[in-house]
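The structure appears below as C-alpha cells.
All residue numbers refer to positions in the sequence shown, counting from 1. In each ligand, atom 1 is the first atom listed, and ligand 1 is the first ligand listed.
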Amino acid sequence: MDPKDVDAADILGSAIERREDPALLTGNAEYTDDIQIDGMLHMAVVRSQYGHANILDVDTSEAEAMDGVHGVYTYEDLTSDETPGAGSFALPTAWLLDSLKQVPHQLLATDKVRHQGDGIAVVVAEDRYTARDAAGAVDVEYERLDAVVHPSEAFSDDAEQIHDDAEGNVAFDWEIGDAEKTADAFADAPHTASIDLENQLLIANAMEPRAAVADYNPGTDELDVAMTTQNPHVHRLLMAGVIGHPEHKLSVRAPDVGGGFGSKIHHYADEALVAWCSMMHEAPVKWVATRSETYLTDAPGRGHETKGEIAMDDDGNIVGLRVDTQANLGAYLSTFAPSVPTYLYGTLLSGQYDIPAIYCHVKGAFTNVPPVDAYRGAGRPEASFLVERLVHLGAKEMDMDTVEFRKQNFVPDDAFPYETQVAVVYDSGEYNKPMDEALEMLDYENFRERQEQARDEGKYLGVGFSCYIEACGLAPSELAGQLGAQAGLWESSLVRMHPSGTVTAYCGTSGHGQGHGTTYSQIVANELGVPYDDVEVVEGDTDEIPQGMGTYGSRSAAVGGSSLVKSAQKVVEKGKQIAAHQLEADPEDIEFENGQYSVAGAPDRSLSMADVAGAAYLAHDIPDDMEPGLEATSFYDPENFVFPFGTHAAIVEVDPDSGEIEIERYVAVDDVGNQINPKIVEGQIHGGIAQGVGQALYEGAEYDENATLLTGSMQDYAVPKAEHVPEMETESTVTPSPHNPLGVKGVGEAGTIAAPQAIVNAVADALEPFGVDHIDMPMDAESVWSAVQANATADGGTESGDGSGTDPDTAADDGGER
Ligand code: MCN
C-alpha cells in the first residue's frame, strides 16, 4: 500500500510499503565495503588452522618483506608501550552469572589457539589481496592438542583442558525453578514422557559478511569506525575499553547492514583490530570478512544437548517439567553468551502452559568451536523446541489428541498477568485464539481422516503443532541488572521538529533489515499528526544519536518505538504551551488531534503542528519562561518484557523409503500485540520461518573430531533456497501488551522460534506407525531413513524387501533381515 493512499489518522497500523526498499533494491544502499577513502589500507587476519593447538612460534618475516605490506602485528605489538592505545586488548563479557568462569579472550592468541579461525596476527597492506597473501605467508608452528566439539565431550574425564582457569571445561553451572517440588511432582506422577535431544549449532549466514572501516585523525585524535553492527553505541563503549581510546573521541556508525540475525551484536576481535591498525598507521583501514571467515568466526548459536521430562496426572494435566541441558559456549565467552542458555532459555520453559512445577539445570561448556552467542531467537527457540516436543510426547503418552492435550493445559485467559514457575510474568495472552484459527485453516477435523486413508495407501502424512511463547523487548534495566546484564536495556530517542514542520526522529536502536525507517515514521507521524512523508528516521550513528542500546531481542518496536512515543508526546506537550500562548487560551483548554491544536469549544481557533514548530524556532512570541526550539529526548525503560505467542502448524508427507520430507502446508498464526505495520510483521514472520525451516531440515554447523569445520561454505552449510521454503499461510490475532504505550510485542524472532518444532512434531506424527518419536535436526533424508530403519530393526522388523517399500505392519513379521 502506498502511504499516500492512507489517511493520516490511520497511518499507525497500515500495511504501507517499506520506504527503505528502493535504495536497497537499486544498488543505492551504502554497505561498509562500499566505503572508499583515499589512502585506505587493508587488513587481513592470520587465523588458526587448527581447533586446538599450542603456538610454538610465529614467524612474520616473509610477510613483512612482501611488496605492499605496511605492517604485520601480533599481540605483543598491540600491547607494546611503543604502539597506540592502552586498552585491555581483550574482549569483555557483558553478562555475568554467579558461577561464571571468566576466561581471558585476547584480541590475538599468543600461546594457544582454541578454535579454528582464532586470530594470531594481522597484516596491513596496500590492498586486500596483498593483505591476504601476506597473511598466508605468516608461518605459525603449532603443537596440536586434542579437541572437543560437544559439551558432553568437554565434560568427560579425559577431555583436554581448554582454559587453565576453567576446570573440567565448565563455564558455569546454573539452575532455575524448584528442584525439590519438581522431583516430588515426578515422584507422584502416574505418567511421564522424556526426550534426549540435540539442538544443533547454527551459523547465521547474514548476506553481508562482517566488515569495518576505521579512520583515525591524528590531528584531532578522533577515530571513526563504520562497521556492520546491530548496536553501535554498545560497540563504541566496549571498543573504547578494548583498544583504550576515549569514548567521546570514538564514533561508531552502522552504514546499511545486510542482515545480522544476532551475529552482529557481539564484539569480535576483528573490528577492534581494524580500529587499532588505523591508529597505528594514522590512515584509514578496511577489513571485510571473506565468506569462509564468516563461517569460521561469526558466533554460532544454539548448541544444546538436553534431557527433558514431562509429568502428567491421570487426567492429562501437566504436573511437572524437568530439564537438564549441557550448553556449548565455544572457545571463549562471547559478549552476551552467558545469558542465552540461562535467562533467555530457562525462563521460557513454561511455554503456553500452566505447569505447577518446573526445574531446569544448565551446565555451560567450553569447547573448541568458535564462541557461541545469540542467533535469531537465542535461547527461546531452544526452550520452545523442548517444551513443544515434550508436549507432543506427553499427549502421546496420555493417548490424547495433541490439540486437546495442549488446550487443556494452556494458561487460561483469565490468569493474566501469569507468573510462571521460572521467574517471569507473562503480560497478556489468549492462547486458544491462534490455535483455533490454525485448526480452521488446516481443516484439522478432516485431517486425521485423510491421514488414516493415506496410511492405508502407504503414504505417511503428519501434522505438527508449535504453540510457542517468547520473551522480547528485552528490558527493564533493573531486572536485567539483577540477572547479570552489565548494561541497561532502556532505549533512547530524540524527536526534532524542524521550523518548517517536518521532523527528524533519532533512535538508539539500529535496524539492519527490519524496516525501522518505515515503522518508526508511522509511530512519529501518528503521535505528532504530521504527514508520514514529513518524518525522517536516523539510526545507527553514535555521532548523531544521543545514546542507544541497539537492535536485538525483538526489542525495537516495544522499547525503541515506545521511546519515540514518549519523545513525541513531550514535543506535543511543549507545542501545547506555545499554542495556548498564541491562541490566548489556558493550556488546559487546548485540545490536540490529528496535528491540530485547538481551543476546546472553539475549533476555528486552531494552529497546526507546523505553525507551532515555526513559532517555536522564530521565538518571537512564546511563553516568557520557555526556551526556543521544539525537540525532546527520552530514555524509555519498560516495566516488563513482552511475550508474543502463536500457533504454527505444519502438515508433512514423509517417505519412509527415501527419508524425504515434503512440507504440504505451513500455517502460522501469530499474536504480536498491536501491529504498527502488518506488511512488515508478515515479512518478519516469513523470514523467521525460513530460518526455522532451515534448522529443522537443512542447517547445522558440523565439526570433525579435531574441531575442524566441515560445513564452511554455502556448498556445505545448507541454507535453504527459495525452493526449500514452503508456502506460508499467515494469520494473526491481536492481544495488546499492557506494558508499553503502543500495545506492541516483538515479531523479529517469532518465526524462527516457532517453526522447527512444528516440522519435527509433524514428522514424528507421520512416522508414528514406525515407532519413531524423535529425530534430531537437521532431519535430512538419511537421518529420517535411519530412524525408520533403526526402529523397524529394534522391533524385529524392517523393509518388506519386495519393492513395495517400508511397511510398519509387515515390519514385525519378516524377521528383521535386510
Ligand atoms: N513491528 C510491527 N508491529 C509489531 C512488532 C514489530 O510493525 N507489533 C515491526 C517493527 O516496527 C520493526 C519490525 O516489525 O520494523 C521488527 O520489530 P521487532 O520485533 O521489534 O524486532 P527488532 O526491530 O528489534 O529486530 C530484531 C529482530 C531480531 S532479534 C533478529 S535476530 C532479526 C529480526 O529482527 N534479524 C533480522 N529480523 C531481521 N530481519 C532482517 N531483514 N534481517 C535481520 O538480520
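- By the 30° and 60° cut-offs, the orientation of the rings of Tyr343 relative to Trp95 is tilted.
- A donor-acceptor pair shorter than 3.5 Å cannot be found between the side chains of Gln547 and Ser492.
- Contacts of Glu293 classified as salt bridge (Lys or Arg N to Asp or Glu O under 4.0 Å), with partners at least two apart in sequence or in another chain: Arg47.
- Within 4.0 Å of ligand 1, counting heavy atoms only, the contacting residues are Gly259, Gly260, Phe261, Gly262, Arg376, His512, Gly513, Gln514, Gly515, His516, Thr519, Thr551, Tyr552, Gly553, Ser554, Arg555, Ser556, Ala557, Val672, Asn674, Gln675, Ile676, Asn677, Ile680, Val681, Gln684, Val744, Lys745, Gly746, Val747, Gly748, Glu749.
- Between Tyr426 and Tyr418, the ring-plane angle classifies as tilted under the 30° and 60° cut-offs.
- The aromatic rings of Tyr345 and His304 sit perpendicular, their planes meeting at an angle over 60°, well past the 30° parallel limit.
- Using cut-offs of 30° and 60° on the angle between ring planes, the pair Tyr520 and His516 is parallel.
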